[in-house]
Amino acid sequence: MRTQVGIVGAGPAGLLLAEILHRHGVESVVVERQSREHVLSRIRAGVLEPTTVDVLRENGLAGRLDREGHVHDGVRIVWAGREGFLIDIHRHCGKRFVAYGQTNLQEDLFAAADRRGAAIITEAADVRLEGTSMVWKNGRVDCDFIAGCDGFHGVSRSSIPAKGEYEKVYPFGWLGILSETPPLREIAYCHSPRGFALASQRSPMLSRYYIQVPLDTRIEDWPDERFWKEIKARFPREWADAIVTGPSIEKSIAPLRSYVAEPMSHGRLFLAGDAAHIVPPTGAKGLNLAVSDVYYLARELAEHYRTGSMALLDAYSETALRRVWAAVRVSWYLTTLLHRFPDASPFDQRAQEYELEYLESSERAQAALAEQYAGLPL
Ligand code: APR
Ligand code: PHB
């Protein structure tokens, strides 16, 4: 088999790239290691930046998102038992973001791919790259270019020799649950002496909550009652009272990490999304970065097929990394601001409290954070 662009991985990065390329008349084949059911069962974050929504809309992928997504003006930060303050993105930046689960977006992307009869090969075992060919247990596709959209544990990144790797591993994880209960009105990030907590949402009857936990935490030790008791102990009283509890329908633990590989390309191989970088979920940038990488890469591949020029493609890594580092930085900032670090000295704790005080009292600090939470323009 032969195609123009070989795409490794059918996560949001891989499937969105295939869609945008198709709209530019560029053909691709997607090769995915897991089954479609497996890919669709993963519960991930659910906050879409305005630019992400624009990209999806421009490519005809926002039908359900526009109907079902919940539009927000800002996010709340609560701490020290007080009601907290709103990072008002609409007031500071004139933009709004949308709460819409990555799982839904993944469904929308598969639906779009099915409508056009796209080439997506799932359950491909032992995928590897041989130059610009994708080779797996019983198949092979020869390509002009490879897009490595195979996530953090994929194979593509190892084909980039002599890369710089920048990493920070945090000494905690997030225990998350999904429950069929009405969510809080706002998305609320909570700093407390017992650790960080987050109240988020998927729909009017589906809530997503997280608490910071030590890395050695076992899910079995966290029955629902214990989870609800702990999250209510972290949130200030009036917020805790507003949390509607119920049985969880999903529960999982994710460790927190920041990671960037540079450059994001080598010859005719280009990495996009989690294959090239990981951000901690504080700030919900992971999916948004996958979308911005893909936006640049699709534009540059389309330009290449139109003009024969490699100039834009050669600049891909540099272009994408500017936005990547902006998101990596704000995700690290929010993680550092809002979590309880087990090894924090009394000095560290005081500095953290006064950073929160400053953010609460300064319109300008809030405006700077609002701009970054909303996401930079493409
Ligand atoms: N061969 C083929 N497919 C692979 C391989 C491989 N060797 N290794 C991994 N994959 C697949 C995975 O099974 C997965 O479906 O690549 C896909 C990568 O998808 P994601 O991990 O969702 O990554 P990405 O598309 O970059 O999306 C980024 O997802 O992880 C979240 O928080 C992250 O929201 C962000 C978004
Ligand atoms: C989520 O809804 O899952 C979510 C929201 C905001 C975050 C992280 C995750 O920062």
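For the numbers below, each heavy atom of this structure counts, side chains included, while hydrogens, waters and symmetry mates do not. Numbering of ligands and ligand atoms starts at 1, following listing order.
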Tell me, yes or no, whether the heavy-atom count around W332 atom CH2, taken from other residues, nucleotides or ligands under 6.0 Å, exceeds 12.
-> no
Would you tabulate the polar-atom pairs, meaning N/O of ligand 1 against N/O of the protein, with distances under 3.5 Å, reported to 0.1 Å?
unit_1	atom_1	unit_2	atom_2	d
ligand 1	3 (N)	R33	N	3.2
ligand 1	8 (N)	R33	NH2	3.3
ligand 1	13 (O)	E32	OE2	2.6
ligand 1	15 (O)	E32	OE1	2.7
ligand 1	15 (O)	E32	OE2	3.2
ligand 1	15 (O)	R42	NH1	3.3
ligand 1	15 (O)	R42	NH2	2.8
ligand 1	22 (O)	R44	NH1	2.8
ligand 1	25 (O)	P12	N	3.3
ligand 1	25 (O)	A13	N	2.9
ligand 1	26 (O)	D274	N	2.8
ligand 1	29 (O)	R44	NH1	3.1
ligand 1	29 (O)	Q102	NE2	3.0
ligand 1	30 (O)	R44	NH1	3.0
ligand 1	30 (O)	D274	OD2	2.5
ligand 1	34 (O)	Q102	OE1	2.6
ligand 1	34 (O)	L287	N	3.0

(message) Counting neighbours of CZ on R306 that are heavy atoms of other residues, nucleotides or ligands and sit closer than 6.0 Å, is the number greater than 12?
(response) yes
Note: heavy atom closest to atom 1 (C) of ligand 2, options K285, R44, Q102, R202, belongs to R202
The protein heavy atom nearest to atom 3 (O) of ligand 2 is Y210 OH, 2.5 Å
At under 4.0 Å between heavy atoms, what of Y100 touches ligand 2? The answer is neither
heavy-atom search around atom 2 (O) of ligand 2 in the protein gives S200 OG, 2.6 Å
among protein heavy atoms, the one nearest atom 8 (C) of ligand 2 is P281 O, 3.3 Å
With heavy atoms and a 4.0 Å threshold, my read on which part of I187 contacts ligand 2 is neither
Aromatic ring proximity, centroids under 6.0 angstrom, Y170 and H339: no
task = Under the salt bridge (charged side-chain N to carboxylate O under 4.0 Å, His left out) rule, what do R23 and E19 come out as? Steps first, then yes or no, please.
result = CA-CA 6 Å; R23 290 176 85 89; E19 282 315 305; over 6 Å; no
Validate the cation-pi geometry between R299 and Y316: distance from NZ or CZ to the six-membered ring centre under 6.0 Å, angle to the ring axis within 45°.
-> no
When distances are taken from atom 10 (O) of ligand 2, the protein heavy atom at minimum range is Y189 OH, 2.5 Å
